[in-house]
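In what follows, a structure is listed as structure tokens, so that the remarks can point back to it.
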There are 2 protein chains.
Amino acid sequence: MATLQDVADRAGVSVSTVSRALHETGQVKSETSQRIRSVADQLHFSLSRSASSLASGKTMRVVYLTYNNLNTWYTSQCMEGLYTGLYGTGYDLIPYVTTVKEDLDAFIEELPSNGNLDGLVLTSFPFTEDQLTLLRGLHIPTVAIDSNSPDVFDASVMLDNKSAMYSAVQLLQRLGHTSIAYVGDLLSDRFFISSRTRCEYFLDAAHQLGYGDDNIEVFTRDDAKPEVNGSQSIIAQYVSSILSSPKKPTALCASTDYLAMSLIHGFREVGVSVPDDFSIVGFDDMECADLMDLTTLHQDPLKTAKLAAEKLLKLMKGEEVEERYTEMKASLVVRHSTKRAS
Amino acid sequence: MATLQDVADRAGVSVSTVSRALHETGQVKSETSQRIRSVADQLHFSLSRSASSLASGKTMRVVYLTYNNLNTWYTSQCMEGLYTGLYGTGYDLIPYVTTVKEDLDAFIEELPSNGNLDGLVLTSFPFTEDQLTLLRGLHIPTVAIDSNSPDVFDASVMLDNKSAMYSAVQLLQRLGHTSIAYVGDLLSDRFFISSRTRCEYFLDAAHQLGYGDDNIEVFTRDDAKPEVNGSQSIIAQYVSSILSSPKKPTALCASTDYLAMSLIHGFREVGVSVPDDFSIVGFDDMECADLMDLTTLHQDPLKTAKLAAEKLLKLMKGEEVEERYTEMKASLVVRHSTKRAS
DNA sequence: TTGAAAGCGGTACCAC
DNA sequence: GTGGTACCGCTTTCAA
């Protein structure tokens, strides 16, 4: 592994000069610079990030803090968006997944004194007050994606779940559905802020649009028998709860596309048709949604994350972001999983 | 940001001792160790990775080199598998995506002298001979996933595409399909090694099972008119080529589930039914496949990647891997996108 | 425009 | 068991 010194020796200059030449600070005579660069090329030289970091105080690392898994549609879109947003800047993107609560706690605890990252992007977490206090005092730039406490962070990009859910409920109403329901996530809604948020806005919208409590229902994972596990059986349970509900809903809003599609599949298995017997609206508009003809709320977390990365870059440069909170809109995409109530 | 020195001062010991205590080398009196740890906790101390790296020569970074995007099903499964495989070891996982050929070239060029990673995991790339030579001489452990030149790397995990394609073709034959076709990826097969590999094995299997060239056909992206872009129109073109083919295939093997599902959708739009008019077999068994009742070849890239990470860990420890090449099997999952030829 | 040298915050070897 | 200290490879003043 060649070092700056090696390059300097071969080029007949000092390490300082090599460093300057490689960083294109413009203070090196172009002739010297040329020579240095060619020597560096010959040696396949590349700077040691550790040494650079240590000397400069910048780690060139951005951490993406998320929960559960990297292989969900949402998270992978975020990763891609962050990656493209950071691309070409020299910053490395490091995913940090908090599978258990302790991971998250430890990470947050250590954050203030942790000199191992220059910037942090995080997705919506159910932070405790103590954690929020800690986060508030953070000295490294932090950008939140879909956070429910945006004011705590230096910047944030949030999806407007409220108007999204309103448009979904409005669609169902226009289609003549008089009894409607929300179906929560496959995983516990306690952890999935977005599902809970959407549920609240669903209820708000329903009330606003004149639905009475007798015509609104909510099905969530947390109501499921604790022994029920595996998405197959959760879906089966959802399906039977919905079918046997005294409120007899004819239209459903699901917290995600994946859930919506699973429900459609679950209904089909017991001979119930979507959209003939039930109208279903999803959320996300993932690639499969189009293929399954799902009516859904389209969101673009890739774009969201890219924007988050761009804000973070500004903040890390010490600049102000032009817009501290950015709200992204979801748009209703009507396909064929919804139809007029019969 | 507290340093080792700060902790040492407050604990009344030397930095060496603090370092040893924090690394639990076992050479520190437990009483001293306790005191040190409590001081460290108080100070919210955490080691500087840059400094540790520089001093120890280990970067504690593993790079995952891949192409195109982080938001594909396959890549996100790999990310998750690598992350879980590396979890708890202190290694950071850093994705490196080569969108353009130049990125890949530059990365490979720089690799031998690049002291910025301790290990490398890479997915199948169409490497040139020069690059392979470079890779062969690498001094950092390298593990390949689904590589077509596994002998170049210290270890690898590969999917057995051959037997997978054989079982798909066999299924179609048993179902009585006398004219069959392979449909290549939505993106250029030139870049997608796996698609090309599968195509070759599809042809091998077909020949082996007695299909003659008159009853075998291949549709690929590269045949498409260059002006055709966007997956919608590519699918439309695939569909019309297939429908107008003089060989009149009645069964198709698609390179991926996503393609298979897109084809089903495309057929449906022109009033052609799957499986009534065409049988289709996908590849991957992504979550949606079940929901769309797709017959497919199930593979588990998460598991594959996790295994790759485990092998890499061994190699980075200087140990031998017990199995240098591991072959993963895909299994045929028969659902309802295939049926007996009419 | 260039060079010398003082760190950056650890690790690990060598003493004691 | 513990402390002293020479690096690790680079950045960044300060001086020339």
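Letters go in sequence order (proteins before strands), and every chain restarts at 1.
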Sort and list the pairs that fulfil ring-ring contact (aromatic ring centres under 6.0 Å, His included) and have at least one residue in residues 80-103 of chain A, not counting sequence neighbours. A/Tyr96-A/Phe107
Just one of A/Thr142, A/Leu117, A/Val63, A/Asn116 clears the side chain to side chain contact (heavy atoms under 4.5 Å, CB included) bar with A/Leu111, so which one? A/Leu117
Checking side chain to side chain contact (heavy atoms under 4.5 Å, CB included) against A/Lys311, which of A/Thr326, A/Asp154, A/Val121 comes through? A/Thr326
Apply side-chain contact (heavy atoms from CB on, under 4.5 Å) to A/Ser149 and list each qualifying residue two or more places apart in sequence or on a separate chain. A/Leu132, A/Ser147, A/Asp151, A/Val152, A/Phe153
5' to 3' contact window, DNA chain D with chain B (heavy-atom distance under 4.0 Å): D/dG1 to D/dG9
Contact interval (first through last nucleotide) of DNA chain C with protein chain A, 4.0 Å heavy-atom: C/dT1 to C/dG9
May I ask you to check whether over 12 heavy atoms, not counting those of A/Arg35, lie within 6.0 Å of atom CZ? yes
Check this for me: B/Glu323, atom CD, are more than 12 non-hydrogen atoms of other residues, nucleotides or ligands nearer than 6.0 Å? yes
Ignoring hydrogens and geometry beyond distance, is a side-chain donor-acceptor pair present between B/Gln27 and B/Thr25 at under 3.5 Å? yes
So, B/Ser194 versus B/Thr197: side-chain donor-acceptor pair below 3.5 Å or not? no
Note: contacts of residues 12-33 of chain B with DNA chain D (heavy atom, under 4.0 Å) are B/Gly12, B/Val13, B/Ser14, B/Val15, B/Ser16, B/Thr17, B/Arg20, B/Gln27, B/Val28, B/Lys29, B/Thr32
Does anything in residues 36-63 of chain A come within less than 4.0 Å of DNA chain C? Heavy atoms only, and list the residues if so. A/Leu54, A/Ala55
Report the C-alpha distance between B/Glu310 and B/Lys306 in whole Å, list the side-chain angles of each, state the deciding distance to 0.1 Å, and finish with yes or no for salt bridge (Lys or Arg N to Asp or Glu O under 4.0 Å). CA-CA 6 Å; B/Glu310 286 159 0; B/Lys306 183 154 182 284; 3.3 Å; yes
